[in-house]
Protein chains: 2
Amino acid sequence: MNKPCAQHAHPHRLVQQSLSDLTQKLRDGDRKITGPRQAILDVLRRHANPLTNKEIHAALGKEDCDLATIYRNMHTLESMGLVKRYDFGDGAARFELVEGETDHHHHHLVCRVCQTVVEVEGCFPAELESALATRHAFTEVSHRLEFFGVCPRCRTDAPTTA
Amino acid sequence: MNKPCAQHAHPHRLVQQSLSDLTQKLRDGDRKITGPRQAILDVLRRHANPLTNKEIHAALGKEDCDLATIYRNMHTLESMGLVKRYDFGDGAARFELVEGETDHHHHHLVCRVCQTVVEVEGCFPAELESALATRHAFTEVSHRLEFFGVCPRCRTDAPTTA
DNA sequence: CCACGTCCTGCAATCGGTTTGCAAATGGAA
DNA sequence: TTCCATTTGCAAACCGATTGCAGGACGTGG
């Protein structure tokens with residue numbers, strides 16, 4: 001709901017990695033440097049918030065490519081550790097570029113109304129993981145954490161503003 | 001993957017609430033006591049772990065009813081606070097009976113292989129919520145947290161055991 | 001105990017996100 | 001430049017979930 005409000009997100013923060021850094025990683029993984037791949041990575045590089053496949057597709061201008069190609073590539077990029085998949089519970093996967101080798105583990109605070117995403121530093125659950133592993137004899141324990149709320153803009157905006 | 005292993009879950013723990021407790025809540029909410037509703041609640045009452053719509057449908061024996069009816073009822077029951085919806089990230093919503101008025105906030109530790117679910121007490125992120133609300137000026141902040149790992153049975157079982 | 005209005009159900013069509021089969025196009029090593 | 005594995009585009013299929021509609025059930029009020 002409140003779709004147009006989605007523009008509130010600040011989509012133009014840059015990511016440290018250059019496009020050539022990224023294509024190099026493709027090479028290292030024995031993947032071909034194709035137009036769609038470069039375009040997808042470039043789109044992700046330009047956006048600070050996690051994007052859905054459809055959003056990526058829409059953001060591709062000249063370098064338009066098939067949606068199926070994006071879906072396939074997101075799997076590829078994810079398995080290569082170039083992007084990270086997030087699930088905000090609205091039925092669409094979202095992807096964010098992984099920040100270099102030392103990806104800093106973080107979570108998100110998502111506005112229930114306009115989907116604006118704020119990165120949340122710190123991760124208490126990480127401390128719980130080892131405890132859980134011991135207590136329940138589970139191995140390879142990881143977790144998924146997402147926060148939701150209403151962002152200041154969506155609280156003050158008149159509904160008609162949209 | 002490893003579907004048959006799903007039986008590892010101990011599906012027959014009982015829930016405190018009696019079926020009449022539950023139907024009373026339906027009455028209190030001005031909802032009709034129908035066959036499908038009683039059957040669904042009864043199924044949830046018999047299972048300790050969160051169930052998908054399809055699992056609920058399969059668990060209905062004599063009281064078989066349409067899948068769409070289950071979907072609709074899960075929305076109804078959720079909005080009435082009778083059940084809680086969980087998302088383990090596999091694309092299918094899961095539902096658990098809410099334990100009385102004082103639903104104790106908990107999370108889950110889910111086996112990546114057989115989907116066995118262990119309830120996790122305690123909730124560190126809850127402490128973070130107020131801090132986040134202040135720092136980012138968000139309101140109505142909540143969170144979603146799920147743990148994943150490999151349970152002891154799935155670690156030791158020979159793959160052929162299934 | 002019955003009639004009636006409203007809520008609920010079954011069925012089938014539909015939807016949105018995602019996946020897949022297949023043939024043509026392309027990257028990049030030889 | 002040649003060649004083969006990978007990748008792409010297209011279309012169909014998939015899957016969980018939703019919805020329109022007509023018939024059926026619940027339960028209140030008579």
Calculate, to the nearest 0.5 Å, the distance between atoms CZ and CD1 belonging to Phe95(B) and Ile70(B) respectively. 10.5 Å

I need the Leu44(B) CG to Leu97(B) CG distance, nearest 0.5 Å. 5.5 Å

For the backbone of Ala137(A) and the side chain of Arg155(B), can you confirm whether one donor and one acceptor N or O come within less than 3.5 Å of each other? yes

Only pairs at least two apart or in different chains count here, so list each salt bridge (charged side-chain N to carboxylate O under 4.0 Å, His left out) that has a residue in residues 137-151 of chain B. Asp87(B)-Arg144(B)

Short N-O contact, Glu96(A) and Lys84(A), less than 4.0 angstrom: no

Enumerate the residues from residues 89-96 of chain A whose closest heavy atom to DNA chain D is under 4.0 Å, giving them by residue number; use none for an empty result. none

Based on the rotation axes of five pairs at each end, what angle does the helix from dC1(C)-dG30(D) to dA30(C)-dT1(D) bend through, to 10°? 20°

In numerical order, the residues of residues 62-77 of chain B whose heavy atoms come under 4.0 Å of DNA chain D are Ala68(B), Tyr71(B), Arg72(B), His75(B)

When rounded to the nearest 0.5 angstrom, what distance separates CG in Leu19(B) from CG in Asp42(B)? 5.0 Å

Between Ser142(B) and Arg112(A), a side-chain donor and acceptor under 3.5 Å: yes

Any side-chain donor-acceptor pair under 3.5 Å between Arg37(A) and Thr23(A)? no

Polar atom pairs between nucleotides 28-30 of chain C and protein, under 3.5 Å, N or O only, would you list them?
unit_1  : atom_1 : unit_2   : atom_2 : d
dG28(C) : OP1    : Ile33(A) : N      : 3.0

Considering only heavy atoms of chain B and a distance under 4.0 Å, specify the first and last nucleotide of DNA chain D in 5' to 3' order that meet this criterion. dG16(D) to dG27(D)

Apply ring-ring contact (aromatic ring centres under 6.0 Å, His included) to Phe88(B) and list each qualifying residue two or more places apart in sequence or on a separate chain. His108(B)

Enumerate the residues from residues 50-59 of chain A whose closest heavy atom to DNA chain C is under 4.0 Å, giving them by residue number; use none for an empty result. Asn53(A), Lys54(A)

If you assign each of Arg85(B) and Pro36(A) to its closest nucleotide in DNA chain D, which residue comes earlier from the 5' end? Pro36(A)

When you measure from the side chain of His57(A) to the backbone of Cys65(A), do you find a donor-acceptor pair of N or O atoms at a distance under 3.5 Å? yes

Who pairs with His143(A) by ring-ring contact (aromatic ring centres under 6.0 Å, His included), at least two apart in sequence or on another chain? His105(A), His107(A), Phe147(B)

Looking at Thr134(B) and Ser130(B), would you say the former's side chain and the latter's main chain have a donor-acceptor pair under 3.5 Å? yes

For residues 55-72 of chain B, which residue pairs qualify under salt bridge (charged side-chain N to carboxylate O under 4.0 Å, His left out), counting only residues two or more places apart or in two chains? none

Kindly state each residue pair satisfying side-chain hydrogen bond (donor to acceptor under 3.5 Å, both in side chains) with at least one member in residues 24-34 of chain B, sequence neighbours excluded. Gln17(B)-Lys25(B), Gln24(B)-Arg27(B), Gln24(B)-Asp28(B)

Sequence neighbours excluded, which residues qualify as side chain to side chain contact (heavy atoms under 4.5 Å, CB included) partners of Glu121(A)? His104(A), Glu119(A)

